[in-house]
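Encoded as structure tokens, the structure appears first; notes follow it.
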Protein chains: 2
Amino acid sequence: MRDVAAHARVSVRTVSNVMAGYQHVSEAMRARVQAAIQELDYRPNPVARTLRTGRTGVLALVVPEIDVPYFAGLAREVINAAATRGYQVMVDQTGHDHERERRLLTGADRTMLFDGVLFSPLVTAAELAEMDPSTTMPLVLLGEHVFDGRFDHVAIDNTQAAYDATAHLVSTGRRRVAAIGEQPQEGYATPRQRTAGYQAALLAAGLEPDPAYLRPAAHYRRADGYDAARELLALPQRPDAIFCFSDLLAMGAMRAVFDAGLQVPDDVAVIGVDDLEEGRYARPSLSTVSLDTPYIAQEAVDRIIARIGDPSLPGVQTRAPHQLLCRESTAPTSMQTAPSPACASGS
Amino acid sequence: MRDVAAHARVSVRTVSNVMAGYQHVSEAMRARVQAAIQELDYRPNPVARTLRTGRTGVLALVVPEIDVPYFAGLAREVINAAATRGYQVMVDQTGHDHERERRLLTGADRTMLFDGVLFSPLVTAAELAEMDPSTTMPLVLLGEHVFDGRFDHVAIDNTQAAYDATAHLVSTGRRRVAAIGEQPQEGYATPRQRTAGYQAALLAAGLEPDPAYLRPAAHYRRADGYDAARELLALPQRPDAIFCFSDLLAMGAMRAVFDAGLQVPDDVAVIGVDDLEEGRYARPSLSTVSLDTPYIAQEAVDRIIARIGDPSLPGVQTRAPHQLLCRESTAPTSMQTAPSPACASGS
DNA sequence: TTGTATGCGTTATCAC
DNA sequence: GTGATAACGCATACAA
């Protein structure tokens with residue numbers, strides 16, 4: 001920058017003003033500085049700028065595993081949304097490691113490398129409750145609702161989404177509706193809410209939730225869905241429908257049904273959550289609950305930028321829309337008794 | 001740091017020495033400084049360190065789209081490998097935008113925010129050839145072999161991989177073997193090499209490559225595979241096997257076969273490349289060529305770190321292993337004439 | 001409107 | 001072995 005100033009025969013102050021797009025700079029001066037910048041191929045050093053301003057222009061996106069398709073899709077949208085607003089994105093994986101989540105949240109790690117964190121947590125609500133939002137770095141929670149209003153959240157209505165999926169299964173004539181994805185440990189908000197929605201929908205249909213039909217899943221991957229579905233199919237009274245808390249679980253569950261010599265949807269209907277492209281190309285195509293990931297990403301990025309600008313802001317809960325998509329994997333059986341509720345075509 | 005120095009009644013120099021694990025520091029002094037660090041909960045500022053040393057400890061991973069499963073899996077391994085070596089990873093998406101690739105490569109963008117770049121390019125070899133490795137930032141190319149030896153590369157032998165996949169199809173009795181994934185434009189190394197391997201395998205089996213059986217694919221996504229397969233199936237003489245240049249293309253192709261009322265593998269065998277988990281759970285399970293992604297990621301990270309350490313190093317070409325995995329989608333037909341070549345069980 | 005001078009938190013050079 | 005101090009490149013308070 002000194003070289004540019006010398007070359008344009010002005011002070012560094014003026015160069016800095018031009019770079020920052022400062023208003024009160026004469027046109028002649030601005031042009032001269034611009035020319036010098038061009039000529040010397042000068043580019044400001046973002047690190048020095050950061051040291052001075054305290055802003056890095058970097059956001060962290062923290063997810064359990066980036067290669068889980070839902071998180072990969074989220075990352076895509078977050079990176080794009082951030083780029084639009086002049087931010088770069090650093091991706092971190094916790095690998096389902098609670099201790100690592102803690103360290104990231106408390107900032108015990110790599111402090112000050114990013115301005116804010118978009119966090120898709122496994123942490124228990126209890127652990128979050130212990131934390132003081134004012135002492136942590138700017139933080140937006142994705143996918144989890146912790147209703148104490150102290151943190152920013154962006155998430156769908158998990159209870160309603162689960163209710164919708166389950167009600168859809170019931171409306172197509174299924175009566176023995178199982179679910180895969182509960183978390184045995186306390187504190188995980190998402191699985192708890194989805195379990196609640198599932199049970200509420202059963203009760204609303206006059207069906208008694210059967211504990212044997214509610215299967216846990218350590219993670220939300222295909223293998224977990226496969227294993228859980230195998231256990232369900234081995235039950236003396238096997239279910240005729242399975243609500244999986246993720247599409248990945250559902251893909252595993254469908255494969256388990258086929259490996260058991262049964263058919264989807266005739267013997268067992270399957271529905272998931274996430275609307276992965278994978279499910280659209282599956283055979284049969286997978287019914288699911290679609291989340292508006294681009295909306296979630298944009299909202300999250302806007303929220304974190306606002307909070308970076310003013311950390312004292314109150315927590316904001318953003319509810320993202322969701323939509324039931326009915327495809328082949330939950331096609332009605334001959335036993336259908338009630339008309340299906342509102343359900344998008346699911347192409 | 002000044003506070004720590006004052007608190008321990010030493011100079012900042014000594015504190016810095018302790019932080020850096022410098023040898024010549026007396027035990028007593030070290031203990032006193034450590035105590036002060038603990039007491040004040042001091043943590044060094046990485047930005048200031050970067051300004052001074054010129055090292056950010058950040059690598060950039062540049063891919064076309066992070067939500068393409070292969071790239072998501074690569075990102076997972078790269079992030080983990082980088083973390084092991086004390087590096088963070090920034091993810092950038094080019095979105096198939098050549099201009100954006102150029103800017104990233106020439107460093108016209110965000111200079112000096114990272115120490116090196118792991119780049120999975122679409123750029124033509126010609127464009128890379130124009131560049132001077134010594135003027136660009138440390139760079140390792142992933143998935144592309146440009147045999148001028150000036151850049152570091154980590155990739156499989158694309159020609160051999162395509163040869164293996166095609167030879168496998170032929171060995172199971174297929175005679176009308178199509179391929180999806182060619183790139184009409186010049187310069188893309190990967191599709192060109194795979195096309196060459198495909199054609200070489202046909203010739204080696206005494207089959208004449210039919211231009212009508214070689215279909216382009218704009219990207220390597222499911223929709224591209226679906227569309228290309230539909231066109232192939234509409235041919236007067238329809239193929240009895242399709243070699244897809246990616247598993248995603250293959251998933252789309254399989255769906256197209258089913259939608260045409262045909263069966264995989266009986267009417268049309270399908271094989272892909274990448275060994276996505278998705279293919280293992282598909283019905284039928286997808287035969288594929290497996291790439292050793294963890295190896296690729298580790299090798300790439302080691303390579304870039306070496307180059308950061310010494311930019312004058314000569315370019316190194318690393319060849320990653322690949323393996324043919326035979327699953328249901330290429331099960332032999334009754335017409336099989338030759339014994340199948342070495343082929344892993346593909347579980 | 002523009003120039004001068006100081007400091008952001010490190011590391012490294014020089015003395016001691 | 002340790003202390004004082006310059007420098008990394010930028011932004012800004014203050015002076016002109």
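Note on naming: letters A, B, ... go to the chains in the order of the sequence lines (proteins, then strands), and numbering restarts at 1 for each one. All values below were derived from every heavy atom in this structure, side-chain atoms included, with hydrogens, water molecules and symmetry-related copies excluded.
Residues that satisfy the side chain to side chain contact (heavy atoms under 4.5 Å, CB included) test with Pro294(B), not counting sequence neighbours, are Glu77(B), Asp292(B). Residues meeting the side-chain hydrogen bond (donor to acceptor under 3.5 Å, both in side chains) test with Arg13(B), sequence neighbours left out: Asn17(B). Every residue two or more places apart in sequence or in another chain was checked for a salt bridge (Lys or Arg N to Asp or Glu O under 4.0 Å) with Arg49(A), and none qualifies. Residues that satisfy the side chain to side chain contact (heavy atoms under 4.5 Å, CB included) test with Val12(A), not counting sequence neighbours, are Met1(A), Arg2(A), Ala5(A).
Identified under the side chain to side chain donor-acceptor pair (under 3.5 Å) test for residues 31-40 of chain A, with sequence neighbours left out: none. Pairs passing the salt bridge (charged side-chain N to carboxylate O under 4.0 Å, His left out) check and including a residue from residues 15-31 of chain B, sequence neighbours excluded, read Glu27(B)-Arg30(B). Applying the side chain to side chain donor-acceptor pair (under 3.5 Å) test to every pair with at least one member in residues 296-312 of chain B, sequence neighbours left out, gives these pairs: Arg85(B)-Asp302(B), Asp152(B)-Arg307(B), Glu299(B)-Arg303(B), Asp310(B)-Ser312(B). Within the structure, ring pair (Phe, Tyr, Trp, His ring centres under 6.0 Å) pairs that include any residue of residues 24-44 of chain A comprise Tyr22(A)-His24(A) (at least two apart or interchain).
With a cutoff of under 4.0 Å to any heavy atom of chain B, the contacted region of DNA chain D is bounded 5' to 3' by dG1(D) to dG9(D).
One finds the CZ atom of Phe71(A) at 13.5 Å from the CD1 atom of Ile66(B) (value rounded to the nearest 0.5 Å). The CD1 atom of Ile296(A) lies 10.0 Å from the OG1 atom of Thr318(A); values are rounded to the nearest 0.5 Å.
If you measure from atom NE2 of His24(A) to atom C1' of dT2(C), you get 13 Å, rounded to the nearest angstrom.
Residues from residues 26-38 of chain B lying near DNA chain C, meaning a heavy-atom separation below 4.0 Å, are absent.
Comparing the end axes of the helix from dT1(C)-dA16(D) to dC16(C)-dG1(D), each fitted to five base pairs by superposing C1' atoms of four pairs onto the next four, gives an inter-axis angle of 40° (nearest 10 degrees).
In this structure, the side chain of Gln183(A) engages the main chain of Ala218(A) through a donor-acceptor pair within 3.5 Å.
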- Note on the structure: Expected string for nucleotides 10-16 of chain C under the B/S/- scheme (protein heavy atoms, under 4.0 Å, primed atoms plus P, OP1, OP2 as sugar-phosphate) is BBBBB--
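Side-chain polar atoms of Glu65(A) and His96(A) form a donor-acceptor pair below 3.5 angstrom.
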